Number of protein chains: 2
Amino acid sequence: MARPRIKDVALRAGVSEKTVSNVINDYEHVSERTRKAVREAIAELGYRVNLAGRHLRRGRTGIIALVLPELDFPYFADLANGIITEAERNGLTVLLHQTRADRQHELSALHGFDHDFADGVILSPLALTTEDLRDRRRTLPAVLLGEAIEPGWADHVAIDNVRAARDATEHLISIGRRRILVVGGSDAPPPGTAEARTLGYRQALDAAGLPYDPAAVMPVAQFRMPHGAAAVARALDAGPRPDAVLCLNDQMALGAIRTLHERGLRVPRDVAVVGFDDVEGGRFSVPTLTTVSPDKKAVARVAVELLLLRIAEAAGGSGNADLPPEERVVPHRLAIRESTAGPAAAAPAG
Amino acid sequence: MARPRIKDVALRAGVSEKTVSNVINDYEHVSERTRKAVREAIAELGYRVNLAGRHLRRGRTGIIALVLPELDFPYFADLANGIITEAERNGLTVLLHQTRADRQHELSALHGFDHDFADGVILSPLALTTEDLRDRRRTLPAVLLGEAIEPGWADHVAIDNVRAARDATEHLISIGRRRILVVGGSDAPPPGTAEARTLGYRQALDAAGLPYDPAAVMPVAQFRMPHGAAAVARALDAGPRPDAVLCLNDQMALGAIRTLHERGLRVPRDVAVVGFDDVEGGRFSVPTLTTVSPDKKAVARVAVELLLLRIAEAAGGSGNADLPPEERVVPHRLAIRESTAGPAAAAPAG
DNA sequence: TTGAAAGCGCTAACAT
DNA sequence: ATGTTAGCGCTTTCAA
């Protein structure tokens with residue numbers, strides 16, 4: 001037989017459609033007997049709600065869109081993992097999109113063009129500008145990750161990137177490093193993850209009274225292993241040898257370690273290396289990688305929580321809506337491992 | 001104003017709702033003038049189709065579910081990446097679920113319980129049994145990845161795992177290795193990825209006239225770095241030193257390299273290492289990793305193609321339906337890198 | 001080439 | 001505690 005509908009269940013249970021609906025939706029005022037009868041009919045027919053009908057009627061789907069630059073960055077995979085887990089805990093399903101850091105894709109995600117089904121969107125933008133946010137009609141509930149964008153225009157979840165980079169740089173300085181490369185860095189002012197981290201790096205240099213050399217800031221096209229590897233190669237070819245490399249993510253750091261190895265330089269003895277993100281690869285690399293470890297579970301938890309709030313807000317009419325955007329800062333710590341163990345000693349994996 | 005509907009567009013363009021619908025759906029017999037008027041009205045109002053209505057009417061959503069064990073396995077992240085790309089190319093959106101290798105989750109994915117919206121599902125099962133497939137009412141179009149299951153019960157896409165493992169093992173034998181560990185292996189008969197690969201390993205040993213030692217097969221709880229690292233540690237503690245390790249994925253291989261490094265053994269001089277999957281981490285590790293490289297793009301392409309076929313079949317009534325399940329084998333190659341460069345020489349990264 | 005009417009499956013509002 | 005009615009937005013007859 002074709003897939004049963006509420007009508008079929010109602011017929012079989014000898015009640016009205018509405019009563020069936022009541023049972024399905026756990027409406028309180030249904031007698032035990034009726035409830036049981038309906039439950040049985042449902043089981044016998046193998047009935048399941050048709051979400052299309054429910055969606056059309058209710059206007060909500062229980063689906064949220066997660067829009068990330070690329071899934072094959074371990075950091076984003078970890079993030080997706082956490083957000084899916086958290087969403088499922090809240091009865092939500094996650095639609096996944098990739099933008100490949102393309103502004104048009106990010107824009108269209110923000111406006112809900114690509115995923116009309118979604119009740120809301122969690123977006124990790126790379127190319128979006130403040131203007132894009134300013135223009136947007138505040139329709140689709142949205143939470144942004146990272147800090148590509150000036151605060152105040154949308155809900156945001158991120159670590160304190162300036163602080164994190166300063167922590168990492170201070171650590172390098174504390175083990176006696178003086179010429180520190182920044183792979184993936186950018187001289188421009190924040191917002192932007194690269195910019196914020198480069199600023200933190202600079203603050204640490206200033207605080208230690210070390211000179212800031214623009215040539216030590218190596219921009220890259222992408223935060224990937226090959227680009228990290230190439231950037232370090234370029235630096236070694238061009239300038240004086242650095243004694244440390246601050247890589248703005250772990251992938252580039254692993255690429256950097258590879259290049260240093262190929263050039264016959266020892267990590268950390270000759271060159272210390274630090275990354276960001278704390279991906280699994282850095283806990284088993286040779287040497288293991290010192291890294292800024294963001295609380296990824298917290299990012300996922302806060303992002304979903306915030307989005308649920310906004311969705312509820314949107315559903316509740318414009319009653320208590322238009323609360324101001326929230327900026328949530330999630331904790332991070334520095335995981336110190338072999339790649340920055342002082343010049344002489346060798347420490348165990350952290 | 002509230003979101004415009006077809007009615008609003010019709011009113012503005014001075015035509016009927018049906019005409020608007022015709023334009024939206026690229027129906028041929030619409031005069032140029034009418035079409036233009038409707039298009040303008042759509043643009044002016046910022047109209048977009050409401051997918052809930054369309055879904056209810058048509059019964060299809062353009063959404064497919066992708067169900068994977070864990071997203072933070074680089075291999076699955078790569079796969080998801082490819083499938084999302086391929087799906088979007090075909091105008092489909094992808095819903096993502098994680099099963100954590102739980103049979104209940106896999107079953108419920110197969111039956112479409114978790115994602116009622118989906119027109120079909122691409123599933124990478126780990127715990128599903130042949131019985132689970134045999135029982136299922138063939139309702140939701142489904143394509144399975146990997147080879148957890150006996151052939152003939154559902155559409156399948158995978159590499160030839162027996163052959164791939166034989167290739168890898170033959171390579172190790174060809175560079176003079178004799179005592180080869182299998183990390184993640186399983187003595188049981190196929191189906192099952194671990195089982196198929198262990199069989200291929202054994203075939204290679206037999207062909208070379210080498211003895212098969214069950215103690216060389218190290219089962220693991222998960223195909224992850226820590227488990228690979230621990231398995232090798234166990235083997236080194238327990239038995240004679242191996243001169244090669246065949247790891248059934250790259251994550252375990254990277255973990256294995258780490259343990260060997262900690263024990264003061266040189267890779268590949270003392271112990272050669274091979275992995276499966278060809279993830280990026282193995283192209284920049286120290287040493288770089290020899291690995292079985294499946295054509296992941298082909299997996300994605302074939303999986304989506306097959307699923308589209310089944311969806312079309314399901315939509316076309318039971319007319320030409322019930323075509324027999326397809327088994328599609330996707331090519332692989334052995335990427336030879338530093339971790340198996342012969343005892344003396346050192347080769348460049350492949 | 002275009003329009004009118006009906007209905008996909010569900011639930012909110014309003015009876016009873 | 002349960003039933004009746006209406007309608008969410010769209011597309012599919014069928015008719016003009």
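Naming convention: chains lettered A, B, ... in sequence-line order (proteins, then strands); numbering from 1 in each chain. Note that these values count all heavy atoms, side chains included, but never hydrogens, waters or copies made by symmetry. Not measured: the values here are computed from a predicted model.
For the pair A/Lys18 and A/Tyr27, the cation-pi criterion (under 6.0 Å, within 45° of the ring axis) is fulfilled.
Look at B/Asn22 and you won't find any side-chain N or O under 4.0 angstrom from OP1 or OP2 of C/dT1. Listed pair A/Thr19 / D/dG3 meets the phosphate criterion, a side-chain N or O lying under 4.0 Å from OP1 or OP2. Contact between the side-chain N/O atoms of B/Ser21 and the OP1/OP2 oxygens of D/dT12 is not found at any separation under 4.0 Å. In terms of phosphate contacts, A/Ser16 brings no side-chain nitrogen or oxygen within less than 4.0 Å of OP1 or OP2 of D/dT2.
Between B/Thr34 and B/Leu56, the residue anchored closer to the 5' end of DNA chain C is B/Thr34, taking for each the nucleotide with the nearest heavy atom. Take the nearest nucleotide of DNA chain C for A/Arg58 and for B/Glu17: the residue whose nucleotide is more 5' is B/Glu17.
Here the P atom of nucleotide C/dG9 and the NZ atom of A/Lys18 are 19 Å apart, to the nearest Å. Separating the CZ atom of B/Arg57 from the C1' atom of C/dA5 is a distance of 11 Å, rounded to the nearest angstrom. Rounded to a whole Å, the CD1 atom of A/Ile24 is 13 Å from the P atom of C/dG9.
Just one of B/Leu145, B/Leu128, B/Leu66, B/Val143 meets the side chain to side chain contact (heavy atoms under 4.5 Å, CB included) condition when paired with B/Leu123; it is B/Leu128. Checked options A/Arg48, A/Arg54, A/His55; the residue passing with A/Leu51 is A/Arg54 (criterion: side chain to side chain contact (heavy atoms under 4.5 Å, CB included)).
Checking D/dT11, C/dA12, D/dT2 against the side-chain heavy atoms of A/Tyr27 singles out D/dT2 as nearest. Closest to the A/Arg5 side chain, of the nucleotides C/dC8, D/dC10, C/dA12, is C/dC8. Minimum atom distance to the side chain of B/Val49 is reached by D/dC10, of the listed C/dT2, D/dC10, C/dA4.
Looking at B/Asp155 and B/Arg328, no side-chain N of the basic residue comes within less than 4.0 Å of a carboxylate O on the acidic one, giving no salt bridge.
Residue B/Tyr47 is classed as a sugar-phosphate contact, given heavy-atom separations below 4.0 Å to backbone atoms only.
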